[in-house]
Amino acid sequence: MPEKTYDHNEIELKWHERWKDDSLYKAEENSTKPKYYVLEMLPYPSGALHIGHIRNYSIGDALARYMWMRGYNVLHPMGWDAFGLPAENAAMKNQRPPREWTLANIEKMKRTHRRFAFSYDWDREVTTCEPEYYRWNQWFFLRMLERGLAYRKKALVNWCPLCATVLANEQVVDGCCWRHEGTPVEQRALEQWFLRTTAYADALLNDISQLEGKWPERVLTMQRNWIGRSEGAEVDFTLDGYGPVRVFTTRIDTIYGATCLILAPEHEIVRTMASPEAQAHAKKMIDARATQGLGDVEKEGCDTGLTAINRFSGERIPVWVGNFVLMGYGTGAIMAVPAHDERDFEFCTKYGINIRPVIRPVDGALADVPLNEAFGNYGVVENSGQYSGMPSAQARKEMAAHAEREDFGKAAVTFRIKDWGVSRQRYWGTPIPVIHCEKCGVVPVPDDQLPVLLPQQIQITGKGRSPLDEVPEFVNVNCPQCGEPARRETDTMDTFVDSSWYFYRYCDPKNTTAPYDSKKIDYWFPIDQYIGGVEHAILHLIYSRFWTKVMRDIGLTTCDEPVRKLFTQGMVIRNGTKMSKSVGNVVAADDVADKHGADSARLFALFAAPPEKDVDWIDAGVEGVYRFLGRVFRFVTRNVDAPGGDGSADKDVLRKLHQTLQRITEDFDSRWHFNTSIAQMMELVNVLYAEESRISAAAMRQCLEILTLMLSPFAPYVTQELWQEMGNEGAVIKQSWPAFNADLARATDVEIPVQINGKLRTRITVPVGLDKAALEAAARADQSVATLISTATVVKVIAVPEKLINFVVRPN
RNA sequence: GCCCGGGUGGCGAAAUCGGCAGACGCAACGGACUUAAAAUCCGUAGCCUCGCAAGGGGCGUGCGGGUUCAAUUCCCGCCCCGGGCACCA
């Protein structure tokens, strides 16, 4: 058969049409096959897929296709993280309702998804802005409310003036809004809804051990740091004329060295009891904190005029306010031990407050403790009454026990993680399903009245409070309890709620009576492989873990953790910076597909670098893999029915073929270095070109089929076309992954480098399987080796079978 | 400041367990085909150096040391780049 020209447009269009009904990728509901759930993070429907998305999906899709071919029942779904601020901004700009804008974007992006032939089961598509989905957000919220896991409090919250809404702590980056770099977040006191993530702080931390080795270590480290468990003690100091002031410390063993107490500027006692000057100062510090945000801030403080008594020593010490003490951590008050804490040292030095060492090094004296810096190590406690002479660890225990006995303190654990603030003063999100009644207070919307629907007709001005406040039909309701007129809650939920459980919904996407049927979850969960960007290491992945634990405790799943294995792929870089709309260096997926085809775009996304590494997008690089696909296409089409050569190259070619197959199979099973998998196939094709005329018809057939099958997870269109060209029936994805033949893969001869004193001098070819002695004999028997060592005395011979031989010699 | 990654040709990278550094690809150069170009096919190529040539020698994985017959790989000390955390008491 004459060689054909590789026309990617024709081929991709043809198979795109045939695959339209999607029946190929349906996950089976009652299957005897082993299951495999592979998931890529769902995108925000911004309007267009770019090449960063393509990389993410190409990794997942190659894996999904491989697992199909390995005989697994694969669940590979896709959906849309469809709530969020951009839709509202677009609505303001274009006078287009957010829903309309969002759904149009989804249609557009879905077309691109299909164009790239990602093997999704679209019957399971989830769109989080649709009532069928978000009603279950509301349902979950009510379950959490019943269990005290959702609650409302007035709190200082992070407010982004540009978003005109509250942000979660996780959404504040360097004191600025995560979406508006350089816009400092302000602190405002508002009534807000929170989810009690702190109730699961210990569980979230402990269960990280279940993820060890299966999630990237740095993600686990980031989560551990974020949770920030810290063991210490709470202790009361007695404030003259007031009563106890509680502090949290990890170093209660240094308490005899406490020379003052420092309160956060927001601390209640500052407001109620401090001197007027101190109150004014504190106010300034609070305001400054709201605007300065970034970086290191000079420590600042002010004496409140109050004094407090140390219950251990009976000593009376001054009480200060300090800008570096955080209201949101511990109790909002600390005891300052300048001799043993760097920050306290800095503060007390600045204001001339006493520095008194009470810890000495285990092998030193108290007098050796330097007074020009803080000595923060553990050691032996001194000048501390009955505790003097104890090691730090013992003192920590005994002092906490003493405080507890005397009822002025206890051993305590504090977490850095806070409860998750989920209120947003926005329109385009899940309405929080509660009603505020003058008489009954906060009343949950009854389950049978769910979903609380977002009103469709709405003017979004971007000014003032939540847009829902302006919709009387939405706001004005009757209280479900007493029937009197009441007001609906107008805050909506953080969109991270949507993505915290969407992967469960994929298992039962059309359920109208429950978020899903637990039996289906039991079959599919946990997710075997989750693939996404490392930027979600904390936010999304910690919320998802939290949600699963809550669901487990409600009895909705038996999983402790939703995700068994996590893979974080690298970013796609262009011109030295991360691809983003604002930089204007985005490469649209459709543009690449137009020019070189979806297959080439997918192939290059995987070929350019190992998947976990950042990759530079180079247009010329796509041309390289495009050429490769053309080479494959032409080679296969012209050899399909060729009479074949004399077979003199069969052995070498089949060895290369099976070695390649082995490597690619191993890469799928462990390393995922698809860049080398693809390079291996390129090498194979180079060999095929070189030996083309010396390959027999039978060996050629084997090469063509196996090459096509191996390449198919990466380039589904062209391989499908070739599969048909070869006269085969059916879809490539339904074929079995070829088994490599270890006998054929084995080499008979191996080239051994010969070193003299560690320097490469020549090479010899020997049969495989020679032991040390035989290898040395073979080397000595070689004429050029004999010449090389003849002028010196061989002192030692290092022979490593199938690797190398090294003669250590001394000149004569 | 602390905690992770990373640093290899002109470029993206490879070397899986301490054993031939630079596979594969891009860009480049030379040749074939072509009226010509594109496409395609074949070939050259780390750097320096000696030689008319065949061929030879030296250097080389951020820098400096160490272990070893042998180090991109292991150990110690630095430098640079990227990311995360950053008053968390």
Side-chain angles (χ1 to χ4, degrees), chain A residues 3 5-6 173-175 216-222 224-226 228-230 232 247-252 254 262 295-299 322-326 328-337 340-344 346-347 376 414-418 534-535 537-538 570-571 573 578 604 607-610 612-625 627-628 630-631 634 663 666-667 670-671 673 675-686 689-690 751-763 795-800 802-809:
Chain A
E3 145 184 328
T5 312
Y6 174 47
V173 179
D174 289 336
E217 195 49 50
R218 70 176 166 144
V219 172
L220 299 182
T221 307
M222 281 160 74
R224 274 194 205 95
N225 292 342
W226 190 263
R229 185 178 195 275
S230 159
V247 305
F248 174 77
T249 176
T250 54
R251 293 298 304 274
I252 194 174
T254 65
I262 310 176
D296 264 339
V297 175
E298 163 94 19
K299 283 188 183 45
N323 64 344
F324 70 103
V325 179
L326 307 173
Y329 183 79
T331 60
I334 62 158
M335 62 178 204
V337 185
H340 303 294
D341 181 283
E342 211 183 298
R343 297 151 301 179
D344 299 346
E346 200 185 318
F347 186 85
T414 296
F415 291 91
R416 186 181 171 280
I417 193 172
K418 306 215 180 49
V534 72
E535 64 271 22
I538 311 183
M571 293 184 297
I573 308 280
K578 184 187 169 156
F604 181 65
F607 177 66
E612 71 278 6
K613 258 191 86 169
D614 291 349
V615 59
D616 247 294
W617 188 265
I618 316 247
D619 293 328
V622 190
E623 278 164 40
V625 296
R627 271 200 282 272
F628 166 67
R631 265 165 87 76
R634 286 187 302 275
R663 281 278 305 267
E666 284 168 3
D667 260 340
S670 59
R671 263 194 351 153
H673 278 199
N675 56 330
T676 56
S677 301
I678 294 163
Q680 287 275 313
M681 285 188 277
M682 289 174 168
E683 277 186 60
L684 171 64
V685 170
N686 290 345
Y689 265 74
E751 200 182 50
I752 300 285
V754 180
Q755 297 180 342
I756 309 287
N757 286 345
K759 289 205 173 175
L760 178 69
R761 283 296 177 249
T762 185
R763 300 185 174 90
V795 184
K796 190 174 173 186
V797 181
I798 288 103
V800 185
E802 311 203 353
K803 289 286 186 202
L804 115 173
I805 183 156
N806 183 13
F807 291 92
V808 184
V809 303

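Quick note on labels: first sequence line is chain A, next is B, and so on, each numbered from 1. Values below: every heavy atom of this structure, side chains too, minus hydrogens, waters and symmetry copies.
Checking B/rC69 for Watson-Crick or G-U wobble geometry (two distances, each under 3.5 Å) identifies B/rG19 as its partner. Base-pair partner of B/rA28: B/rU44 (Watson-Crick or G-U wobble, both distances under 3.5 Å). In this structure B/rG77 sits in a base pair with B/rC63, meeting the Watson-Crick or G-U test at under 3.5 Å. Base pairing of B/rG1 is made with B/rC85, judged by Watson-Crick or G-U wobble geometry with both donor-acceptor distances under 3.5 Å.
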Expected string for nucleotides 12-18 of chain B under the B/S/- scheme (protein heavy atoms, under 4.0 Å, primed atoms plus P, OP1, OP2 as sugar-phosphate) is BSSSB--

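Heavy atoms of A/Arg634 sit under 4.0 angstrom from primed sugar atoms or phosphate atoms, though from no base atom. Residue A/Gly330 is out of contact with every strand shown, counting any heavy-atom pair closer than 4.0 Å. Using a 4.0 Å heavy-atom distance criterion, A/Asp344 is classed as making no nucleic acid contact. Here A/Val800 lies in heavy-atom contact (under 4.0 Å) with a base. Residue A/Arg218 is in sugar-phosphate contact alone, with no base atom involved, counting any heavy-atom pair closer than 4.0 Å across all strands shown. Nucleic acid contact class of A/Asn225 (heavy atoms, under 4.0 Å, all strands): none. Heavy atoms of A/Val325 sit under 4.0 angstrom from at least one base atom.
In this structure, the CD atom of A/Glu342 is 8 Å from the C1' atom of B/rG1, given to the nearest Å. Atom CD in A/Glu612 sits roughly 15 Å away from atom C1' in B/rG83 (whole-Å rounding). As rounded to whole Å, 12 Å separates atom C1' of B/rG1 from atom NZ of A/Lys299. We find that CH2 of A/Trp226 is positioned 11 Å from C1' of B/rA86, with the value rounded to whole Å. As rounded to whole Å, 18 Å separates atom P of B/rA23 from atom CG of A/Leu684. In this structure, the CZ atom of A/Phe628 is 14 Å from the P atom of B/rU40, given to the nearest Å. Taking atom CZ on A/Arg627 and atom C1' on B/rC26, their separation rounds to 8 Å, with Å as the unit. For the pair A/Leu804 CG and B/rG19 P, the interatomic distance rounds to 10 Å; values are reported in whole Å.
Of the candidates B/rG19, B/rA89, B/rC24, the closest approach to any side-chain atom of A/Phe248 belongs to B/rA89. Counting only heavy atoms from C-beta on, A/Ile538 has its side chain closest to B/rC85 among B/rC26, B/rC69, B/rC85. Closest to the A/Asn806 side chain, of the nucleotides B/rA23, B/rG25, B/rC69, is B/rC69. Of the candidate nucleotides B/rC42, B/rA23, B/rC20, B/rC20 has the atom nearest to the side chain of A/Arg763. For A/Lys759, counting side-chain heavy atoms from C-beta on, the closest listed nucleotide (B/rA89, B/rC59, B/rC24) is B/rC59. For A/Pro753, the side-chain atoms get nearest to B/rC20 when compared with the rest of B/rC20, B/rC42, B/rA89. Set against B/rC69, B/rA86, B/rC20, the side chain of A/Arg416 has B/rA86 as its closest nucleotide. Considering only the side chain of A/Ile798, B/rG19 comes nearest among B/rG25, B/rG58, B/rG19.
Ionic pairing of A/Glu217 and A/Arg224 is present here: one or more N-O contacts between side-chain nitrogen and carboxylate oxygen are shorter than 4.0 angstrom.
In plain terms, the two heavy atoms of A/Ala537 and A/Met222 that are nearest each other are CB-CE, 3.6 Å. Looking at every heavy atom in both residues, A/Arg631 comes nearest to A/Tyr689 through O-OH, 2.9 Å. Between A/Gly332 and A/Val325 the shortest heavy-atom distance is O-CG1, 3.7 Å.
Of the P atoms belonging to B/rG62 and B/rC3, the separation is 23 Å, rounded to the nearest Å. B/rG64 and B/rC69 have their P atoms separated by 23 Å, with the value rounded to a whole Å. B/rG9 and B/rC17: their C1' atoms are spaced 27 Å apart (whole Å). For B/rA28 and B/rA39, the P atoms lie 10 Å apart once the distance is rounded to whole Å. With C1' as the reference atom, B/rG5 and B/rG19 are 27 Å apart, rounded to whole Å. B/rU44 and B/rG25 have their P atoms separated by 13 Å, with the value rounded to a whole Å. B/rU73 and B/rU8 are spaced 14 Å apart, taking the P atom of each and rounding to whole Å. Nucleotides B/rG51 and B/rC33 are separated by 37 Å at their P atoms, to the nearest Å.
Judged purely by distance below 3.5 Å, without hydrogens or angles, the side chains of A/Asn225 and A/Arg416 never pair a donor atom with an acceptor atom.
Formation of a donor-acceptor pair under 3.5 Å by the A/Asn806 side chain with backbone atoms of A/Lys796 is not found in this model. Listed for the A/Asn675 side chain is no donor-acceptor partner under 3.5 Å among the backbone atoms of A/Ala608. For A/Arg663 (side chain) and A/Thr676 (main-chain N/O), no donor-acceptor pair under 3.5 Å exists by modelled atom type.
Put simply, A/Arg224 has no side-chain N or O that comes within less than 4.0 Å of OP1 or OP2 on B/rC85. Taking 4.0 angstrom as the limit, A/Asn686 places a side-chain polar atom (N or O) nearer than this to OP1 or OP2 of B/rG25. Between A/Ser230 and B/rA89 there is a side-chain N or O to OP1 or OP2 distance below 4.0 Å. Between A/Arg631 and B/rC42 there is a side-chain N or O to OP1 or OP2 distance below 4.0 Å.
Taking the O4'-C1'-N9-C4 or O4'-C1'-N1-C2 dihedral as appropriate, B/rC81 has a value more than 90° from 0 and is therefore anti. In B/rG9 the O4'-C1'-N dihedral to the base is within 90° of 0, which defines a syn nucleotide.
Relative to the six-membered ring of A/Phe347, A/Lys299 misses at least one condition, a distance below 6.0 Å or an angle of at most 45° to the axis.
The environment of A/Arg229 atom CZ is dense: over 12 non-hydrogen atoms of other residues, nucleotides or ligands sit within 6.0 angstrom. The number of heavy atoms from other shown groups lying within 6.0 Å of CD (A/Glu666) is above 12.
Nearest-nucleotide positions on RNA chain B place A/Thr221 closer to the 5' end than the other of A/Gly621 and A/Thr221. The residue among A/Glu346 and A/Val534 whose nearest nucleotide of RNA chain B is located toward the 5' end is A/Val534.
Judged by distance alone, with hydrogens and angles left aside, A/Lys803 brings no side-chain donor or acceptor close enough to the base of B/rC20 to form a pair under 3.5 Å.
Separating the CZ atom in A/Arg763 from the CD1 atom in A/Ile752 is a distance of 11.5 Å, to the nearest 0.5 Å.
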